[in-house]
Each structure stands twice: as C-alpha cells, then as structure tokens.
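Basis for what follows: all heavy atoms, side chains included, without hydrogens, waters or symmetry-related copies. None of these values were measured; they are calculated from a predicted model. A, B, ... follow the sequence lines: proteins, then strands. Residue 1 opens every chain.
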Amino acid sequence: MTPFTEKAKALIKRIPRGRVATYGQIAFLAGFDGGARQVAWLLHSSSAKDRLPWHRVIGGRGRISLPRGCGFETQLRRLRAEGVNVPPSGRIDLGRYLWEPRFSTASNP
DNA sequence: AATGTGACGGACC
DNA sequence: TGGTCCGCCACAT
C-alpha cells in the first residue's frame, strides 16, 4: 500500500452520491497529477471489501470506461439509480455531475 | 533487464 | 461528435 493508494481510496470514498469524479481528478487530488492510470489500476485491483463507490469514477471525457459485459452495465445502473443522467451517447455531463470537493479545516487535516 | 499491458488523457483530424 | 495516435507509469512476465 503506497501513500498515494491510501489517499486515492480516501478521496473516492468522499465522492457524494449522485456525483462523479474522473480518474485524473482523483490522481490530481491525491497529489499525483497524471496518475490517472494508477487510479484505474487501483480500482481494478481493489477488492469488494474496500467498499469503494467505484461506479462514481469515470473517464475524463465523462464516459464509463468499462467494456460492455465487464461491469459497464452495473456501473450504468448504479449511476442512474443515484440520479445521474447518462444519455444514449454515454457522455455524462461533467459540468453538472462532476464532484467539486470542498476543502474545510474540519474535513481536511 | 526488457517488454507488454491497461477501468487514462491530451492532441489532432 | 467520434476515431486514432501517442505519452504516460506501475505492474506482471
């Protein structure tokens, strides 16, 4: 477990219901700009017991990155269940659903 | 040590 | 809007 991994997981857990974050965004917030692929790797290799809201993490173009038949449907269902509008094109409106983390002294030690 | 592989992302056309 | 190409970086072989 690297510090980056810990931070990234903590961040992902903070994504509110009905909002989404991108791999690159998580990497950036975790202090590793450009580490989008590592975020993807950690999600892919993390176990279910981590309880991460992985379905709220999408690609920087607002699209679900999972291949059809390999989790895509599950992620789509869960996002829609939270009120996220996913149009037929698959492009989620980031301007509307992208998570904007609030840094407060209370939640940001 | 060298090489292949992604749940990525930016640049281009 | 959508499709390629390419740089990226930790991991697995």
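Between A/Ile26 atom CD1 and C/dC9 atom C1' there is a gap of 18 Å when expressed in whole angstrom units. The distance between atom CE of A/Met1 and atom P of C/dC11, rounded to the nearest whole Å, is 11 Å. As rounded to whole Å, 12 Å separates atom C1' of B/dC8 from atom CZ of A/Phe4. In this structure, A/Tyr23 atom OH and B/dA7 atom P are separated by 9 Å, rounded to whole Å. Whole-Å rounding puts the A/Leu79 CG to B/dA7 P distance at 18 Å. Atom CH2 in A/Trp41 sits roughly 17 Å away from atom P in B/dG9 (whole-Å rounding). In this entry the distance linking CG of A/Leu42 with P of C/dC9 reads 17 Å, nearest Å. Residue A/His44 contributes atom NE2, which lies 9 Å from atom P of B/dG6 at whole-angstrom precision.
For A/Phe72, the CZ atom sits in a packed shell: over 12 heavy atoms of surrounding residues, nucleotides or ligands are nearer than 6.0 Å.
Looking only at side-chain heavy atoms (C-beta outward), A/Ser65 and A/Tyr23 come within less than 4.5 Å of each other. Contact of the A/Arg56 side chain with the A/Arg17 side chain is registered, since non-hydrogen atoms from C-beta on lie closer than 4.5 Å. No side-chain heavy atom of A/Leu52 sits under 4.5 Å from any side-chain heavy atom of A/Val57. Between A/Pro53 and A/Ile12 there is a side-chain heavy-atom pair separated by less than 4.5 Å.
Annotation: of the two residues near DNA chain B, A/Thr22 and A/Gln38, the 5′-most nearest-nucleotide partner is A/Gln38.
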Name the atoms and distances for all side-chain donor-acceptor pairs under 3.5 Å in residues 91-101 of chain A, with sequence neighbours left out.
| unit_1 | atom_1 | unit_2 | atom_2 | d |
| --- | --- | --- | --- | --- |
| A/Asp93 | OD1 | A/Gly95 | N | 3.0 |
| A/Asp93 | OD1 | A/Arg96 | N | 3.4 |
| A/Tyr97 | OH | A/Asn85 | N | 3.2 |

What string of B, S and - do you get for nucleotides 1-8 of chain C, 5' to 3', when a contact is any protein heavy atom under 4.0 Å?
-> ------BB

